[in-house]
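FYI, side chains are in, hydrogens and waters are out, and symmetry mates aren't considered; it's all heavy atoms of this structure.
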Amino acid sequence: MTDTAHLKHVEGNGLRARVQHLGGHLAGMVMPNIAAFIAWGLITAMFIPTGWLPNETLAKLVGPMITMLLPVLIGYTGGRLVHGQRGAVVGAIATVGVAVGSDVPMFLGAMVIGPLTAYLLKLVDGVSARHTRPGFEMLVDNFTAGILGGAMALAGLLGIGPVVSGLTKAAGNGVDVLVDSGLLPLVSIIVEPAKVLFLNNAINHGVLSPLGVQQATETGKSILFMIESNPGPGLGILLAYLFFGPTRLRPTVPGAIIVQFLGGIHEIYFPYVLMKPRLILAAIAGGMAGVATALVTGAGLVATPSPGSIFAYLAVTPKGGYFPVLASITVAAAVSFASAAALLRIGHTPEPEADKEEEESTATRSVSVTAITSVVVACDAGMGSSVMLASQLTKRLKPYGVTATHKPVNDIPQGTQVVVTHTNLADRARAVVPDAVIIPFQSFLNDPAFDQLEATIRDGGDIHG
């Protein structure tokens, strides 16, 4: 089976699309607030008693930021995703209830109560809009939001908060058991395959980061920040492609290494794994080796390194922790490189022929280039790979009067005519904007789909997808 044929069989089914959709919402609540997490991490690394510059006065920022600021930001963002600015406000109000009612950072509670409160307000607004007399709209809107937000804050304090707090503590205890028993590397068996299916943001920011923050508040660092974000496994796979991969792909690898390892956009290497699905074994091996090394050396980070760049890693490494952290990355890269090199040399297949005719036969929509002024580049969270690709396409298409914008795949605006997205996200894009032309691609760098799109816009005609 050819490389491109492999990709056509991994587009996914309804279950995976639903999991990606849920994961996208979880990540969408956290990723816009990553700067706040980094600020908290840097303040923690600098000013706590074991930090670089211990300062009792400045360290007073650490507690309020982790217990109140960050959960409220998550609840605010989750509410905004559901019901705009009004949803954001009531989401923040309700999140205060779960935050003050818990003795652990209430990130998971914020992810629940923020969107839930916004959804309830959306229902209330739908009813009140039909029954409110003209001139009373502002009065009704303000009081319905205030009453509902206050009621949900009370519910969060008395009911939702204690339940989620218990679940959070149970999950943390489960992680402690894995760490103490030396079984934490086995988590890579789940994490690494899920990453290449574009669930990386959901796993890291929706699950591991909240648990990592709780652990970091207790011990000053957490290994959980290093499980999904370690750039070592991806670096090793890309290096294996550079030396042992198909000849036609080797020119794209150096740029991918720079983007992945230095820029921190891990999605750049996912297509390389999907082209040779057996390489997921190399990713798992590298991930397990990196986690095992971190366990043995006592490695950990003070906050989420986002994006997963080596520079971000160094920025949130605690005092005295550089050797263990760098050792974890190095070992993960070495193991994934050796494994991927062996797997690439096993079962070598001839270079695939172009699948242009097959791709054209699957096209279901078309649009004239004369009607296009912009295209939307969609990725899972809309903040990493899509930003990079939108910038590249804007430079290429700007001479023809066309710009490229980036969006999360779940938030592609209605009325969008052309969407450029990875093959694995194409089904989700079609579900969001069924009337749009969907242009799937396989590689984030130098994919033929980009050349074909530019040529069509330059020469005129119709875009099919």
**Asked** Stepwise, does the side-chain contact (heavy atoms from CB on, under 4.5 Å) test hold for Phe225 with Leu208?
**Response** CA-CA 7 Å; Phe225 293 134; Leu208 295 176; over 6 Å; no
**Message:** Does Arg396 form a side-chain contact (heavy atoms from CB on, under 4.5 Å) with Leu453? I'd like the steps, not just the answer.
**Reply:** CA-CA 10 Å; Arg396 297 180 64 167; Leu453 175 63; over 6 Å; no
**Request:** I would like to know whether Met68 and Val100 meet side-chain contact (heavy atoms from CB on, under 4.5 Å); could you show each step before the answer?
**Result:** CA-CA 8 Å; Met68 187 59 64; Val100 301; 3.4 Å; yes
**Message:** As a quick check of understanding, evaluate side-chain contact (heavy atoms from CB on, under 4.5 Å) for Val124 and Arg86, giving each step before the final call.
**Reply:** CA-CA 12 Å; Val124 171; Arg86 283 171 57 75; over 6 Å; no
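A donor-acceptor pair under 3.5 Å is formed between the side chain of Glu137 and the backbone N or O of Gly135. When atom types are taken as modelled, the side chain of Thr394 and the backbone of Thr403 share no donor-acceptor pair closer than 3.5 angstrom. Of the possible polar contacts, none joining the Gln260 side chain to the Gly255 backbone as a donor-acceptor pair under 3.5 Å is found. Panel note: side chain Ser374, backbone Ala404; no donor-acceptor pair is recorded below 3.5 Å. Judged by distance alone, with hydrogens and angles left aside, the side-chain atoms of Lys407 form no donor-acceptor pair with the main-chain N or O of Pro413 at under 3.5 Å. Remark: the backbone N or O of Val376 is not paired with any side-chain donor or acceptor of Thr405 at under 3.5 angstrom. Thr421 contributes a side-chain N or O that, together with a main-chain N or O of Ala378, makes up a donor-acceptor pair within less than 3.5 Å. Looking only at distances, no side-chain donor or acceptor of Ser222 sits under 3.5 Å from a matching main-chain atom of Gly300. Side chain of Ser328 to backbone of Pro324: no donor-acceptor contact under 3.5 angstrom is found.
No side-chain donor-acceptor contact under 3.5 Å links Gln442 and Tyr272. Side-chain contact annotation: Ser128 with Thr144, donor-acceptor N/O pair under 3.5 Å absent.
Of all heavy-atom pairs spanning Pro185 and Met288, the tightest one is O-CG, 3.2 Å. Scanning all heavy atoms of the two residues, the minimum distance from Gly308 to Pro231 falls at O-CB, 3.7 Å. Closest approach of Val291 and Ile223 over heavy atoms only: O-CD1, 4.0 Å. Contact record, Ala110 with Val98: N-CG2, 4.4 Å, taken as the closest heavy-atom pair. In plain terms, the two heavy atoms of Ala294 and Met226 that are nearest each other are CB-CE, 4.3 Å. A pairwise comparison of heavy atoms in Pro233 and Gly286 identifies CG-C, 3.8 Å as the closest pair.
In Glu56, the CD atom is not crowded: 12 or fewer heavy atoms of neighbouring residues, nucleotides or ligands sit closer than 6.0 Å. For Phe136, the CZ atom sits in a loose shell: 12 or fewer heavy atoms of surrounding residues, nucleotides or ligands are nearer than 6.0 Å. Around the CZ atom of Phe143, the shell of radius 6.0 Å holds no more than 12 heavy atoms that belong to other residues, nucleotides or ligands.
Residues Ile66 and Val213 form a side-chain contact, since some pair of their non-hydrogen atoms from C-beta on lies under 4.5 Å apart. Between Phe47 and Lys60 the shortest side-chain heavy-atom distance does not fall below 4.5 Å. Residues Val432 and Gln414 form a side-chain contact, since some pair of their non-hydrogen atoms from C-beta on lies under 4.5 Å apart. Within the 4.5 Å cutoff, the side chain of Phe441 has heavy atoms near those of the Leu389 side chain. Side-chain contact between Met29 and Pro115 is present, with at least one heavy-atom pair separated by less than 4.5 Å. Between Phe450 and Val420 the shortest side-chain heavy-atom distance falls below 4.5 Å.
Phe37 has its ring centre less than 6.0 Å from the ring centre of Phe107.
With Ile113 as the partner, the side-chain contact (heavy atoms from CB on, under 4.5 Å) test is satisfied by one option alone out of Val164, Ile160, Leu108: Ile160.
In summary, Lys122 and Asp125 do not engage in a salt bridge, as defined by a charged side-chain N under 4.0 Å from a carboxylate O.
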